[in-house]
Amino acid sequence: MKYMKSQMQQLIKDNKELHTRLKELKAEHGLEKNNALKALYHSEVADGGKYQLAYQALDQPKK
């Protein structure tokens, strides 16, 4: 599974909990949005994370 900024942004847009977590990461660690997105991806999505299936579903073609 590969990090894609557009998919990560869509996932956050669709999930209020992730949106809140992104804001917390930016504030706590003084990260810019792009770096906070990557950090959130690695902590919550990649390698069996809580939101991995939702992220992968964004990669599926629309029917």
Partners passing ring-ring contact (aromatic ring centres under 6.0 Å, His included) against Y55 (at least two apart in sequence or in another chain): Y41
First locate atom [atom1] of [X], then atom [atom2] of [Y], and finally report the distance between them rounded to the nearest 0.5 Å.
X: L18; Y: K13; atom1: CG; atom2: NZ; answer: 14.5 Å
X: Q7; Y: L11; atom1: CD; atom2: CG; answer: 9.0 Å
X: E44; Y: I12; atom1: CD; atom2: CD1; answer: 10.0 Å

Identified side chain to side chain contact (heavy atoms under 4.5 Å, CB included) counterpart of V45 within the set M1, Q56, K50: M1
Qualifying residues under side chain to side chain donor-acceptor pair (under 3.5 Å), relative to Q9, sequence neighbours excluded: none
Contacts of N15 that satisfy side chain to side chain donor-acceptor pair (under 3.5 Å) - sequence neighbours left out: none
Side-chain donor-acceptor pairs of residues 20-27 under 3.5 Å, sequence neighbours excluded:
| unit_1 | atom_1 | unit_2 | atom_2 | d |
| --- | --- | --- | --- | --- |
| T20 | OG1 | K16 | O | 3.1 |

Could you tabulate the donor-acceptor pairs under 3.5 Å formed by side-chain atoms of residues 30-40, not counting sequence neighbours?
| unit_1 | atom_1 | unit_2 | atom_2 | d |
| --- | --- | --- | --- | --- |
| N34 | OD1 | K5 | NZ | 2.9 |

Sidechain-backbone polar pair: Q52 side chain, G48 backbone, donor-acceptor under 3.5 Å: yes
